[in-house]
Amino acid sequence: QVRLVESGGGLVQAGDSLRLSCTASVSGRIFSTYIMAWFRQAPGKERVFVAGIGWSGAATRYADSVKGRFIISRDNAKNTVYLQMSSLKPEDTAMYYCAAKLFGIEVSTTPRDFGAWGQGTQVTVSS
């Protein structure tokens with residue numbers, strides 16, 4: 001079981017950078033056994049995959065819309081996953097959610113595959 005808490009959202013201008021953090025409180029497992037991912041959901045839109053990262057942090061996966069702009073990373077010693085966002089665009093505006101999946105080989109892009117979710121942190125990008 002894992003509890004996730006996101007932070008780092010805010011209001012920024014287009015072109016700015018922002019780093020989101022997700023800290024996990026785990027029980028029964030160590031953080032490194034979880035595949036982690038970020039999803040986002042804009043008002044009136046479906047929750048969609050943004051970025052994911054494997055156990056060791058070596059394997060990463062990104063949505064086409066954020067490739068080259070966002071970087072996901074993790075620090076297993078701190079039980080934390082990050083999303084470094086650069087060149088932010090107004091269309092990046094959304095509630096960003098951290099998610100965890102126990103075990104697995106590849107990073108899933110399907111929300112249903114992730115069993116634990118954070119409360120979300122709002123990112124708003126003005127033009």
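Since the model is a prediction, treat every value here as computed from it, not as a measurement.
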Practice problem: Evaluate the side-chain contact (heavy atoms from CB on, under 4.5 Å) criterion for residues Ile53 and Val107: first the C-alpha distance (whole Å), next the side-chain angles of each, then the deciding distance (0.1 Å), finally the verdict. | Solution: CA-CA 6 Å; Ile53 189 165; Val107 177; 5.5 Å; no
Quiz item: Do Leu88 and Phe49 belong together in a cluster built from hydrophobic side chains that touch within less than 4.5 Å?
Solution: yes
Quiz item: Is it true that Tyr82 and Val66 fall in one hydrophobic cluster, defined by side-chain heavy atoms closer than 4.5 Å?
Solution: no
Quiz item: Can you list every side-chain hydrogen bond (donor to acceptor under 3.5 Å, both in side chains) pair that touches residues 48-61, not counting sequence neighbours?
Solution: none
Self-check item: Pair Lys67-Asp64, salt bridge (charged side-chain N to carboxylate O under 4.0 Å, His left out): steps then yes or no
Solution: CA-CA 5 Å; Lys67 285 181 180 177; Asp64 288 342; 3.0 Å; yes
Is the backbone of [Y] close enough, under 3.5 Å, to the side chain of [X] for a donor and an acceptor to pair up by distance?
X	Y	value
Thr121	Ser7	no
Glu6	Gly120	yes
Gln122	Gly10	no
Arg69	Ser87	yes
Arg3	Thr23	no
Thr80	Lys78	yes

Close side-chain approach of [X] and [Y], heavy atoms under 4.5 Å:
X	Y	result
Val123	Thr93	no
Phe70	Ser86	no
Val12	Thr124	no
Gln84	Ser17	yes
Val50	Tyr62	no
Leu20	Met85	yes

Quiz prompt | Derivation of the side-chain contact (heavy atoms from CB on, under 4.5 Å) call for Gln119 and Val5 | solution = CA-CA 6 Å; Gln119 83 290 349; Val5 179; 4.0 Å; yes
Quiz item: What do the steps show when you test Val125 against Asp16 for side-chain contact (heavy atoms from CB on, under 4.5 Å), and what is the final call?
Solution: CA-CA 8 Å; Val125 185; Asp16 283 355; over 6 Å; no
Quiz prompt | Any pair counted as disulfide bond (SG atoms under 2.5 Å apart), so long as it reaches residues 23-91, sequence neighbours left out | solution = none
Self-check item: disulfide bond (SG atoms under 2.5 Å apart): pairs with one or both residues in residues 60-127, sequence neighbours excluded
Solution: Cys22-Cys98
Quiz prompt | Worked check of side-chain contact (heavy atoms from CB on, under 4.5 Å) between Leu4 and Met36 | solution = CA-CA 10 Å; Leu4 308 175; Met36 304 296 298; 4.0 Å; yes
Shortest non-hydrogen contact from [X] to [Y]?
X	Y	result
Ala24	Val2	CB-CG2, 3.6 Å
Asp113	Ser108	OD2-OG, 2.5 Å
Ala100	Phe114	C-CD2, 3.5 Å

Quiz prompt | Inter-residue atom distance Ile35.CD1 - Arg74.CZ, 0.5 Å rounding | solution = 8.5 Å
Self-check item: Qualifying residues under salt bridge (Lys or Arg N to Asp or Glu O under 4.0 Å), relative to Lys45, sequence neighbours excluded
Solution: none
Exercise. Taking salt bridge (Lys or Arg N to Asp or Glu O under 4.0 Å) as the test, write out the residues that go with Arg47, two or more places apart.
Key: none
Practice problem: Classify the ring geometry between Phe39 and Trp117 as parallel (under 30°), tilted (30 to 60°) or perpendicular (over 60°). | Solution: tilted
Quiz item: Any side-chain donor paired with an acceptor under 3.5 Å for Ser32 and Asn76?
Solution: no
Self-check item: With sequence neighbours excluded, residues passing side chain to side chain donor-acceptor pair (under 3.5 Å) with Tyr96
Solution: Arg40
